[in-house]
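Written out below as structure tokens is the structure these notes cover.
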Amino acid sequence: MAVLEILVYPDERLKQVATPVENFDRELRDFVADLEDTMRSGPACVGLAATQVGNPLRIAIVDVSIKPRIRSHGRILLINPEITAWEGHIVGREGCMSVPDYTGNVIRAESITLETFDLSGEKKLYRLEGFEARAVQHEIDHLDGMLFLDRLVSRRNDLFRRKNYK
Ligand SMILES: [Zn+2]
């Protein structure tokens, strides 16, 4: 188990499109444990993608349960995740460990259906809404080489400098 180094914008590796996981083996389990340690080490961090630590595989973790007053499924492991249904649109503020100095307003689907795989390669289905659905969409963007910065309607109106990461 280890805390990994998080790549920070404009690191080119954040633009890599991640490739699907094929081997559900010990190496995958070890990496997911390290990714989770790294996520838990961040202040108020609710998600982290493998591309953010320089691993180009389609793996991420989301856990919004540390936020108060939010319904959640606890820790959701994303391995080869696919969103199969989208509903509604809503604007919300997002931050990112790879963009430590800014937050931004981003439009996301309000609720989604997610297909993903667990560590043993079994398919899992989730119906997600609100902030949890937003966090999953944010992480899957990372696996497609995108940051929330790429989704701002206007950098002038929707990007905000922050004093402290929290
Ligand atoms: Zn992020």
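Ligands are counted one by one from 1 in listed order, and the atoms in each one are counted from 1 as well.
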Side chain to side chain donor-acceptor pair (under 3.5 Å) evaluation trace for Thr51 with Gln16: CA-CA 7 Å; Thr51 36; Gln16 279 188 82; over 6 Å; no
Residue-atom pairs from the protein, N, O or S only, that lie under 2.8 Å from the Zn ion (ligand 1):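 Metal shell, protein only: Cys96 SG, His138 NE2, His142 NE2.
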Worked verdict on Glu110 versus His89 for side chain to side chain donor-acceptor pair (under 3.5 Å): CA-CA 5 Å; Glu110 208 165 356; His89 288 95; over 6 Å; no
Aromatic Phe160 / basic Arg93 pairing, under 6.0 angstrom, 45° off normal: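 Yes, a cation-pi geometry.
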Pair Lys123 + Asp118: basic N to acidic O under 4.0 Å: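 Asp118 and Lys123: not salt-bridged.
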Salt-bridge present (Arg127, Glu87; N to O < 4.0 Å):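 Salt bridge present between Arg127 and Glu87.
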Hydrophobic cluster (4.5 angstrom, side-chain heavy atoms) - remaining members for Tyr126: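 When side chains under 4.5 Å apart are linked, the cluster holding Tyr126 also contains Val46, Val62, Val64, Ile66, Ile70, Ile76, Leu78, Ile83, Trp86, Ile112, Leu114, Leu128, Phe131, Val136, Ile140.
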